Amino acid sequence: MPKIRRVSSTGFEPIFSDGRLDLDLPSGPFLLLGGNGLGKTTTLQTVIFALAGDAGSDIEEKTEFQWGASYFKNRLNKPQEAEVEVEFALGDTKIIVRRRMNSRTIRGVKIGGQAWIHDSTEATQKYEEGVCAAGAYECFDDFRYLVHRLCYLGESRRSLVWDQGAQLRIVMMVCGDAEMEREFRKLRSTLKETDSELRHTHVDIGSLERRLSQIETPKKAARSDDDEKGDGIQIAIRISAELEAELLPLSKMRLKLREKLVAIRKELIGINNELEHLQVTFSQLEDAFVLKTLRGMENSSAALALHKLLIHELCPFCTKKTTTLAAQAREAVAQKKCPICGQQHASDISADEIGKLRQEIAAKTIRQDELQKLLEGIEEEEARLISREVNIKDKLNIIVAKLPRVQFAEVSGLVGSNPKEIRERLRTTRTHYSQLELKKKNLEEDMEGKYKSFSNLCARRLSQLSALASEYGNKFLGAPCNFVMTPSRERLSLFSFFVPEFEEKRRESPESCSESERFFLDIAFRMAVIVFAGLLSKTRSTFICETPENALDLAYTENVAAMFQKFSYDGYSLLLTANLQLGGVAKPLLDAYPKKDKEKRTINLIEKCPLSGVQAEKKKEFMRVYRGIIG
């Protein structure tokens, strides 16, 4: 994820007095200090906009949280001329990106040591390709999502801890695999659509049944061609129901086989790693044993030469005194290295040790063969089940294709009182409902299988993330706090998600926490995820946050500062906003730095921005607070 080094904004009148703001961001914290309406939020959003573009429906599901270039139009005199340039590191690559505030397209980009690209179309393409290559992203949308939903916490305070969908997507991308996450998200979206259609169809069935009961007479009419046609439909419905009943257990069996495959592959990977290590050890011991045997067969002159070197400090070639060479040879022997070439070798190797190692390798190899055969057998069984499923689905599709289709609009707008027509539509609607039920069950089973695979493969990483998030939570609360995985209570959510647990209570909803706990525990979790992503990629990045100080009382100010300091000491960067006020987070956060360094880590917007009448009257007090912060 990006580590921001420099931000340059131009044409930002009337927010900044001269329309310009330049920020050089060191590692650790950097604070935008000021008052209300002085551009703190806008500054952060320009950085995010430059990096990842707007927050459309693909980032934010709810309309009220979406924003883009139009956000800046009402704040700037000439948004078409306003421009922001952000320099950041992504892994080992330096990238500079430049955007205008009135367009989603990129105005210029410079990647690594390459020349600037100023053609808008080419710059946009090269920027996205460069980000994907430098950050090992499969697609640019993954980068955009992480920047908007993880690396930036804006004024709207969109939670990550209690937003289960966003948390799952981010945790799966960070701990697992982006392709796995996309496949899981697609299944989840299809499940929601299917469930919605299922509920609508259930309502339609009820409407048709009520309509039929109101108009149907108890008298039985004579059989007609329409009745015979209805019987044919009824037979088709019965056959399709039988096929669906046959299909469901096959799907369950296939999911169980898939779970076995995951477990076997995991064990096989472990066996392969162990065998590789044992083979290396065996080769080293075998070489050492051969060397020892050959030494015993050497003539006495070679042994005498080494004896002269090690004991009498005489060169084995010219027989002159050589203290330095002798010392080096003795040190090599002490480290179990050859006294001549200095290479590592094992000593006192016996044939028994080599024999035991051979037996261990043989046992592991037998188990490897067993697992491979088991794997092949299960894969063959899975292929047979898939073939049977496809065959049944083909038959089912042929039958369903012959049945008249029912649209929701047709049912809801049904006019007339023909009982035969209503009965026919009721039959086809019930068939459609049965198909949707089967589809929903299959989707749920697929999702459950994929989530179990993710949880099994990433169990260690999830445990590490939990421990890291708990450390940050402890820093804020000043008391034990654990981030634990709890099953979702949402009807269609088959996964578990991280929630804080403290004072012997698991906080499964934001309402179970106070306002400050809700905000800052969410910040703690975000920083833990960012740090964990950095540990996996061996890189460092920046967290951008509008500090919700209004939700913070004096008792927790030091704790929040300690939480941010821990993030900084781990090598990560912070771009924070804070109001110039007594008792805020800024002073304790910066207390660890000398005065000159404090000045480099802050910008006083009171001096950069036009003030309101009330603010102008209090400017001296603002400045006094600022001087207190920087010492």
Side-chain angles (χ1 to χ4, degrees), residues 28-36 40-41 44 150-163 167 466-484 498-531 542-570 572-593 598 601-602 625-626 628-631:
F30 187 94
L31 289 96
L32 298 171
L33 299 172
N36 296 332
K40 299 190 299 296
T41 299
L44 297 191
L150 174 63
C151 299
Y152 172 56
L153 180 59
E155 197 172 27
S156 60
R157 313 280 178 238
R158 289 281 279 147
S159 169
L160 184 59
V161 171
W162 291 283
D163 185 340
Q167 186 190 129
S466 172
L468 198 57
S470 300
E471 286 182 37
Y472 279 96
N474 291 344
K475 285 287 184 184
F476 166 65
L477 288 179
C481 173
N482 295 311
F483 275 83
V484 296
F498 285 103
V499 296
E501 182 180 71
F502 56 93
E503 295 175 354
E504 300 182 352
K505 184 178 179 182
R506 190 168 291 189
R507 315 297 169 134
E508 297 183 11
S509 67
E511 292 76 23
S512 60
C513 298
S514 69
E515 188 180 29
S516 63
E517 290 167 348
R518 186 160 64 243
F519 291 154
F520 285 98
L521 287 174
D522 186 65
I523 290 173
F525 183 72
R526 287 170 185 267
M527 292 196 298
V529 176
I530 291 171
V531 170
T542 302
F543 177 48
I544 301 171
C545 177
E546 294 185 65
T547 315
E549 291 182 303
N550 293 337
L552 198 63
D553 62 41
L554 273 171
Y556 284 101
T557 302
E558 297 284 345
N559 291 6
V560 170
M563 182 175 68
F564 284 144
Q565 283 168 350
K566 173 176 171 52
F567 187 76
S568 299
Y569 294 158
D570 287 338
Y572 295 82
S573 297
L574 287 158
L575 178 55
L576 305 173
T577 64
N579 283 325
L580 279 170
Q581 60 188 22
L582 296 172
V585 172
K587 189 177 188 309
L589 179 57
L590 295 174
D591 275 348
Y593 301 94
K598 288 179 186 178
R601 293 181 178 279
T602 61
V625 172
Y626 178 71
I629 289 172
I630 65 170

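What you are looking at is a predicted structure, and each value in this text was computed from that prediction instead of being measured. Starting from 1, each residue takes its place in the sequence as its number.
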Participant: Kindly write out the residues that satisfy side-chain contact (heavy atoms from CB on, under 4.5 Å) with Lys475, not counting sequence neighbours, or none if the list is empty.
Facilitator: Ala562, Met563, Lys566
Participant: Step by step, would you call Ile523 with Cys545 a side-chain contact (heavy atoms from CB on, under 4.5 Å)?
Facilitator: CA-CA 9 Å; Ile523 290 173; Cys545 177; 3.8 Å; yes
Participant: Could I get the full list of salt bridge (charged side-chain N to carboxylate O under 4.0 Å, His left out) partners for Asp163, not counting sequence neighbours?
Facilitator: Arg149, Arg158
Participant: Quick check for you: to the nearest 0.5 Å, what is the distance between Thr547 atom OG1 and Leu31 atom CG?
Facilitator: 6.5 Å
Participant: For Ser470, what residues pass the side-chain contact (heavy atoms from CB on, under 4.5 Å) criterion, not counting sequence neighbours?
Facilitator: Ser466, Asn482, Phe483
Participant: Which residues pass the ring-ring contact (aromatic ring centres under 6.0 Å, His included) test with Phe498, sequence neighbours left out?
Facilitator: Phe525
Participant: When you measure from the side chain of Asp522 to the backbone N and O of Ser159, does any donor-acceptor pair fall under 3.5 Å?
Facilitator: no
Participant: Please name all residues satisfying salt bridge (charged side-chain N to carboxylate O under 4.0 Å, His left out) with Glu501, sequence neighbours left out, ordered by chain then number.
Facilitator: Arg506
Participant: If you take all heavy atoms of Leu153 and Arg526, which pair is closest and at what distance?
Facilitator: CD1-NH2, 3.5 Å
Participant: Kindly say whether Val531 contributes a backbone atom to a donor-acceptor pair with the side chain of Tyr572 at under 3.5 angstrom?
Facilitator: yes
Participant: Find out whether Ser568 and Leu574 are in side-chain contact, i.e. whether some heavy atom of one side chain is under 4.5 Å from a heavy atom of the other.
Facilitator: yes
Participant: Is the shortest heavy-atom distance from the side chain of Val529 to the side chain of Gln167 under 4.5 Å?
Facilitator: no
Participant: Contact between Ile629 and Leu580 at the side-chain level, heavy atoms closer than 4.5 Å - yes or no?
Facilitator: yes
Participant: Would you please name every residue forming a side-chain hydrogen bond (donor to acceptor under 3.5 Å, both in side chains) with Tyr593, sequence neighbours left out?
Facilitator: none
Participant: Looking only at non-hydrogen atoms, find the nearest pair between Glu517 and Leu477 and report the distance.
Facilitator: CG-CD2, 4.2 Å
Participant: What's the shortest heavy-atom distance between Pro500 and Val161, and which atoms?
Facilitator: CD-CG1, 3.7 Å
Participant: Starting at CG of Leu521, measure out to CG of Leu160 and round the result to the nearest 0.5 Å.
Facilitator: 12.5 Å
Participant: Between CD of Glu546 and OG1 of Thr577, what distance do you get to the nearest 0.5 Å?
Facilitator: 5.0 Å
Participant: With sequence neighbours left out, write down each residue that passes side-chain hydrogen bond (donor to acceptor under 3.5 Å, both in side chains) with Ser573, or none if nothing qualifies.
Facilitator: none
Participant: Please report the interatomic distance OG1(Thr602) to CG(Leu32), rounded to the nearest 0.5 Å.
Facilitator: 9.5 Å
Participant: Within this structure, what is the CZ-CZ distance for the pair Phe30 and Arg601, rounded to the nearest 0.5 Å?
Facilitator: 9.5 Å
Participant: The criterion is ring-ring contact (aromatic ring centres under 6.0 Å, His included); which residues satisfy it with Tyr152, sequence neighbours excluded?
Facilitator: none
Participant: Under 6.0 Å between ring centres: does that hold for Tyr556 and Phe476?
Facilitator: yes
Participant: For Glu503, enumerate each residue passing the salt bridge (charged side-chain N to carboxylate O under 4.0 Å, His left out) test, keeping only those at least two apart in sequence or located in another chain.
Facilitator: Arg507
Participant: Holding to salt bridge (charged side-chain N to carboxylate O under 4.0 Å, His left out), I want the full list of residues that pass it with Lys598, two or more places apart in sequence or in another chain.
Facilitator: Asp591
Participant: Go through the structure and list residues passing ring-ring contact (aromatic ring centres under 6.0 Å, His included) with Phe564, not counting sequence neighbours.
Facilitator: none
Participant: Does any part of the side chain of Trp162, heavy atoms only, come nearer than 4.5 Å to the side chain of Glu508, both counted from C-beta?
Facilitator: no
Participant: Minimum heavy-atom separation for Asn474 to Cys481, with atom names?
Facilitator: OD1-N, 2.5 Å
Participant: Going from NZ on Lys587 to OG1 on Thr557, what distance comes out if it is rounded to the nearest 0.5 angstrom?
Facilitator: 12.0 Å
Participant: So, for Pro29 and Leu590, which heavy atoms are closest and what is the spacing to 0.1 Å?
Facilitator: CG-CD2, 4.4 Å
Participant: Going through the distances and angles, do Phe519 and Ser514 end up as a side-chain contact (heavy atoms from CB on, under 4.5 Å)?
Facilitator: CA-CA 9 Å; Phe519 291 154; Ser514 69; over 6 Å; no
Participant: Between Leu33 and Ala586, which heavy-atom pair has the shortest distance, and what is it?
Facilitator: CD2-CB, 3.9 Å
